[in-house]
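Counting starts at 1 for both ligands and their atoms, following the listed order. Throughout, numbering of the chain's residues begins at 1 and tracks the sequence. What you see below is based on every heavy atom in this structure, not just the backbone, and it leaves out hydrogens, waters and symmetry mates. Quick caveat: nothing in here was measured; it's all calculated off a predicted structure.
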Amino acid sequence: MKNIRNFCIIAHIDHGKSTLADRLLEFTKTVSDREMQQQLLDSMDLERERGITIKSHAIQMNYTHNGEEYVLNLIDTPGHVDFSYEVSRSIAACEGALLIVDASQGIEAQTISNLYLAIEHDLEIIPVMNKIDLPHANPEVVADEIVDLISCDHEDIIPASGKTGAGVDKILEAIVNRIPAPKGDPDGPLQALIFDSVYNSFRGVEVYFRIMNGSIKKGDRVKFVNTGKEYGADEIGALKLKQEPRKEVKTGDVGYLISGIKEAKEVKVGDTITHKERPCETAIAGFEDVKPMVFAGIYPVDTQEFEELRASMEKLQLNDASLVWEPETSAALGFGFRCGFLGMLHLEIIQERLEREFNMTVITTAPSVQYHAYMNDGEKVIVNAPSDMPDPGKLDRIEEPFIKANIITKADYVGPVIGLCIEKRGTMMNQTYLTTDRVELVFEMPLSEVVFDFFDKLKTISKGYASFDYELIGFRSSKLVKLDILLNADSVDAFSAIVHRDHAYDRGKKICEKLREVIDRQQFEIPIQAAIGTKVIARETIKALRKNVIAKCYGGDISRKRKLLEKQKKGKKRMRQLGNVEVTQEAFMAVLSVD
Ligand code: GTP
């Protein structure tokens with residue numbers, strides 16, 4: 001146990017976490033050159049394409065230092081806020097963290113939020129300044145930022161480059177010398193923390209764990225404390241480049257367990273594994289049932305494909321425990337599903353997987369957050385879709401989720417960033433100068449205002465010099481109303497939205513204008529109206545089609561356009577007939593992309 005080191009890497013997206021991890025694996029000869037592929041840890045195709053780590057994994061390295069053999073377990077953490085609970089459990093499984101900061105970029109919002117998590121868990125922080133090979137690197141300034149942030153000495157910071165391999169030896173030495181060995185009672189009852197699980201259609205769910213106390217042997221009868229389920233430890237082992245079966249995994253170590261579990265949702269990250277016969281007294285603290293934060297309807301483009309979509313959703317849920325769904329009927333779109341996601345990235349991943357892996361063409365309705373409605377008679381109603389919104393006459397109040405947003409930006413852009421946050425109903429809580437040129441802003445704001453395109457807007461107004469992260473702080477009462485959209489005098493439930501009363505008029509007007517742009521002209525005139533209850537607050541008209549109208553050119557980015565073309569080639573468009581009006585996917589999202 002004294003020669004084990006468990007660590008994770010904290011870094012903002014693109015600061016070079018994966019590249020540096022690859023160098024560590026190379027240096028310790030965990031992978032041979034032949035096996036070495038770029039960004040080895042990002043194994044899912046989707047991950048590779050997006051260049052972001054979606055699911056966390058772990059890998060074990062052997063390292064000899066001063067004649068002593070060490071086992072180093074690197075626990076990878078996902079970089080996106082949608083998966084922050086997984087990050088927190090990975091951190092809980094470690095004694096130390098490499099804090100990687102890009103020498104040309106400095107500290108960013110994601111760095112800070114994950115760093116705080118690591119400090120909360122008493123992790124030893126090893127600051128690494130990466131990309132020192134870059135000509136425009138700014139090591140002095142960035143080092144000052146790091147010193148200020150974690151109150152370390154300048155000498156504690158390791159300069160490194162994932163590209164050239166500089167500093168990798170120093171990092172490994174620091175892992176051994178600075179990070180404490182795991183503690184725990186090797187003879188105590190088994191207590192192991194599940195920090196991740198991966199679905200494998202052949203072997204069942206692979207459970208990744210870190211043993212806090214006791215040990216686990218192949219064939220043991222184990223129990224997952226929070227779910228109460230029992231299993232046989234059919235196979236256990238170490239997570240090398242490939243899984244290596246072992247007879248026993250001991251205190252302080254990281255390993256995997258396979259016991260024929262068929263569904264991802266049976267295994268909950270954060271749960272505690274113990275022995276059936278000699279159970280531990282308490283579960284490891286910090287377990288949470290992750291709850292979806294964003295909800296949207298998913299409908300087949302072709303109504304005939306509903307059952308096929310259901311089968312695909314069921315399969316997806318087998319390997320994605322955080323996806324929840326239930327059947328939903330929309331007057332406009334027919335039969336489909338109301339789905340809950342961890343966030344917008346998760347939603348996009350699911351939509352993409354449905355299309356790629358299951359060959360489904362789906363329409364996604366505008367995402368919304370979960371609202372809590374309290375009725376006059378005291379009843380609480382959960383509102384996951386605008387159509388769930390109760391009759392305003394019977395409503396006492398409605399509450400919406402609020403977040404604490406952390407934004408780091410260049411001083412030049414503080415004005416526009418504050419302006420944007422206030423427009424999004426934010427309240428500024430704090431403003432700190434990290435250096436003379438970089439400012440951290442803390443806002444409290446409604447989650448609904450950031451789920452969709454807040455980050456894109458932030459990037460635009462700051463010319464890319466802003467990073468953003470958030471955490472949920474609870475539900476607060478707001479003046480919210482349901483905004484209905486009528487197409488050709490018919491209310492289209494898939495277009496309705498829950499909005500703040502003070503923004504309703506403006507939103508209604510803009511949604512109508514946007515829909516007028518994105519819905520193709522047809523043979524007849526189409527009125528578009530926005531209404532609250534029976535009161536129409538805005539109206540636009542799509543004129544009837546004349547001859548010689550050039551084919552509509554879609555806006556948006558090139559990949560969307562390419563996708564659309566591919567779809568059309570297949571003869572199936574992401575398009576739905578609403579009454580007698582044809583509407584594209586773009587229109588369904590238009591409700592959100594206005595302002
Ligand atoms: P996410 O997985 O998205 O969080 O990114 P990451 O932090 O893992 O970054 P990644 O390793 O993918 O590196 C991001 C980009 O920086 C890639 O284009 C790398 O080639 C480049 N990069 C990484 N390390 C270095 C370095 O030390 N020097 C230089 N010049 N480029 C680097």
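- Atom CG in Asn3 sits 10.0 Å away from atom CG in Leu72 (nearest 0.5 Å).
- Checked against Ser467 for a side-chain hydrogen bond (donor to acceptor under 3.5 Å, both in side chains), the options Glu108, His12, Lys459 give a single hit: Glu108.
- Between Phe195 and Tyr208, the ring planes lie tilted relative to each other; the angle falls in the 30° to 60° range.
- For Leu134, every heavy-atom contact with ligand 1 shorter than 4.0 Å involves the side chain, none the backbone.
- Closest approach of Cys152 and Val147 over heavy atoms only: O-CG1, 3.3 Å.
- Taking each of Thr19, Asp102, Ile132 in turn, the one with a heavy atom nearest to atom 23 (C) of ligand 1 proves to be Thr19.
- Residue contact check: Gly162 has heavy atoms under 4.0 Å from atoms 26 (C), 27 (O) of ligand 1.
- Between Thr77 and Ile10 the shortest side-chain heavy-atom distance does not fall below 4.5 Å.
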Evaluate Asn406 against Asp469 for side-chain hydrogen bond (donor to acceptor under 3.5 Å, both in side chains), listing each step before the verdict.
CA-CA 5 Å; Asn406 256 306; Asp469 202 10; over 6 Å; no
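- Here Lys17 has heavy atoms under 4.0 Å from ligand 1 in both its backbone and its side chain.
- Heavy-atom proximity to Ile13, at under 4.0 Å, picks out these atoms of ligand 1: 3 (O), 4 (O).
- Contacts between Asn130 and ligand 1 below 4.0 angstrom, taking non-hydrogen atoms only, involve the side chain exclusively.
- When each atom of ligand 1 is checked for a heavy atom of Ser18 under 4.0 Å away, the hits are 2 (O), 6 (P), 8 (O), 11 (O).
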Determine, stepwise, if the pair Glu235 / Gln243 fulfils side-chain hydrogen bond (donor to acceptor under 3.5 Å, both in side chains).
CA-CA 10 Å; Glu235 182 182 321; Gln243 294 171 345; over 6 Å; no
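- Heavy-atom contacts of Ser161 reach the following atoms of ligand 1: 26 (C), 27 (O), 28 (N) (cutoff under 4.0 Å).
- For ligand 1, the polar-atom distance check finds no N/O of Ala160 at less than 3.5 Å from any of the ligand's N/O atoms.
- Side chain to side chain, Ser322 and Asp320 meet the donor-acceptor criterion of an N or O pair below 3.5 Å.
- The ligand atoms of ligand 1 that sit less than 4.0 angstrom from a heavy atom of His12 are 7 (O).
- With a 4.0 Å cut-off on non-hydrogen atoms, Ala11 does not touch ligand 1 at all.
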